[in-house]
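Side chains are part of it too, since the values below use all heavy atoms of this structure and drop only hydrogens, waters and symmetry mates. Being a predicted model, the structure only gives us computed values, none of them experimental.
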Amino acid sequence: MAAGLALPRAAYRLAVEPDEPWCAADAAGRPFPAGVRGWAGRGEGGAPLAVLCAVVCAGLASTVGDTPELAVWLLLVPLCVLLGRVDLAVQRLPDVLTLPAAVGTGALLGGAALLPGHEGSWGRALAGGGVLGALYFVLHLVHPGGMGFGDVKLAPTLGLALGWYGWSAVVAGTLVGFGLGAGVGLVLLAMRRVDRRTPIPFGPFMLLGALAGVLLGTA
């Protein structure tokens with residue numbers, strides 16, 4: 001919950017146009033302080049983000065159990081919530097989050113694989129990250145308007161998490177993500193909220209699918 005309450009400032013700063021890395025000043029034009037204080041802070045929407053972080057972390061803890069990889073998942077939750085919030089706001093997944101997430105997740109899972117009690121495979125996780133990244137890259141090449149490059153950069157992180165538990169988790173997490181995206185898109189079309197050319201952020205569906213795949217993988 002504390003991590004969720006600290007996310008609104010980062011979400012505000014990262015909800016900018018693709019040609020800007022982040023926002024340097026608040027709505028009143030005051031520059032943000034340097035360091036952690038400039039990125040972590042409460043703001044509008046903090047309570048929902050805090051509840052979401054708490055619920056997801058509790059669900060993972062109760063399902064994954066007392067294993068080394070649980071620490072990796074709990075560290076990823078606030079980052080993934082922030083990614084989903086920014087994507088919903090401006091339909092972008094910032095490189096400043098996606099690229100370090102992939103490197104950090106791979107390194108942390110490598111550390112978890114060295115500890116007793118882990119229930120996954122680091123080698124398979126690396127393969128899963130590579131396969132899922134390649135899949136999304138091909139989809140981007142086939143239809144750039146339907147699959148953004150930010151989604152491609154997020155895919156390796158999710159593939160690492162899913163591949164840790166096995167290829168069935170990779171397939172399940174990917175299919176759930178696409179299924180959720182298609183279902184929501186059809187509902188919005190039926191409600192005439194969008195048309196067939198309206199871009200819809202896909203990052204949140206990828207994240208929800210990965211969460212489902214991890215929970216299924218632990219089972």
Starting from Val171, walk the hydrophobic network (Ile, Leu, Val, Met, Phe, Trp, Tyr; side-chain heavy atoms closer than 4.5 Å) and list everyone else you reach, by chain and number. Leu175
Under 3.5 Å donor-acceptor, Thr105 side chain and Ala102 backbone: no
In the single-linkage hydrophobic clustering (I, L, V, M, F, W, Y; side-chain heavy atoms under 4.5 Å), do Phe205 and Val194 co-cluster? yes
Closest heavy-atom contact between Tyr12 and Ala27? OH-N, 3.1 Å
Quick check: does any side chain N or O of Trp167 sit under 3.5 Å from a backbone N or O of Gly128, one acting as donor and the other as acceptor? no
Interatomic spacing from CZ in Arg13 to CD in Glu20 - rounded to 0.5 Å: 12.0 Å
When clusters are formed from ILVMFWY side-chain contacts under 4.5 Å, directly or step by step, what else is grouped with Met191? Val187
When every non-hydrogen atom of Leu14 is compared with those of Pro21, the smallest separation belongs to CD2-O, 3.8 Å
Heavy-atom pair of closest approach, residues Gly84 and Pro204: O-CG, 3.9 Å
Interatomic spacing from CG in Leu70 to CD in Glu119 - rounded to 0.5 Å: 10.5 Å
Any pair with a residue in residues 60-89 that passes salt bridge (Lys or Arg N to Asp or Glu O under 4.0 Å), sequence neighbours left out, goes on the list, sorted by first then second residue, please. none
Not counting sequence neighbours, which residues clear salt bridge (Lys or Arg N to Asp or Glu O under 4.0 Å) with Arg192? List them please. none
Heavy-atom nearest pair, Pro68 first then Pro116, reads CG-O, 3.6 Å
Tyr165 (side chain) donor-acceptor with Gly213 (main chain) under 3.5 angstrom: no
How long is the gap from CG on Leu126 to CG on Leu160, to the nearest 0.5 Å? 6.0 Å
CG on Leu60 to CG on Leu211, rounded to 0.5 Å: 5.5 Å
Co-membership, hydrophobic cluster, residues Leu83 and Leu5, 4.5 Å side-chain: no
Which heavy atom in His118 sits nearest to a heavy atom in Ala112, and how many Å separate them? CB-O, 3.6 Å
Closest non-hydrogen atoms of Ala3 and Pro78, given as atom of the first, atom of the second and distance, are CB-CG, 3.7 Å
Separation of Leu76 CG from Leu158 CG (nearest 0.5 Å): 8.5 Å
Would you indicate whether Phe137, at its atom CZ, is surrounded by more than 12 heavy atoms from other residues, nucleotides or ligands within a distance under 6.0 Å? no
Trp164 vs Trp73 aromatic rings, parallel, tilted or perpendicular, using cut-offs 30° and 60°? perpendicular
Going through the distances and angles, do Val176 and Leu208 end up as a side chain to side chain contact (heavy atoms under 4.5 Å, CB included)? CA-CA 8 Å; Val176 169; Leu208 288 172; 5.9 Å; no
In short, ring pair (Phe, Tyr, Trp, His ring centres under 6.0 Å) pairs touching residues 181-204 with sequence neighbours left out are Phe178-Phe202
Rounded to the nearest 0.5 Å, what separation is found between the OG atom of Ser168 and the CG atom of Leu216? 8.5 Å
Establish whether Val81 and Val96 are linked, either directly or via other cluster members, by ILVMFWY side-chain heavy-atom contacts under 4.5 Å. yes
So if you build clusters from Ile, Leu, Val, Met, Phe, Trp, Tyr with side-chain heavy-atom gaps below 4.5 Å, do Leu79 and Val55 land together? no
In terms of hydrophobic clustering (I, L, V, M, F, W, Y; side-chain heavy atoms under 4.5 Å; direct or indirect links), are Leu74 and Leu82 co-clustered? yes
For residues 144-155, run the donor-acceptor check on the side chains, cut-off 3.5 Å, and write out each pair with its distance to 0.1 Å, sequence neighbours left out.
unit_1 : atom_1 : unit_2 : atom_2 : d
Asp151 : OD2    : Gly148 : N      : 3.3
Lys153 : NZ     : Asp95  : OD1    : 2.8
Lys153 : NZ     : Asp95  : OD2    : 3.0

Under the criterion side chain to side chain contact (heavy atoms under 4.5 Å, CB included), I'd like the reasoning laid out for Leu162 against Val214: C-alpha separation, chi angles, the key distance, then a yes or no. CA-CA 6 Å; Leu162 295 168; Val214 168; 4.2 Å; yes
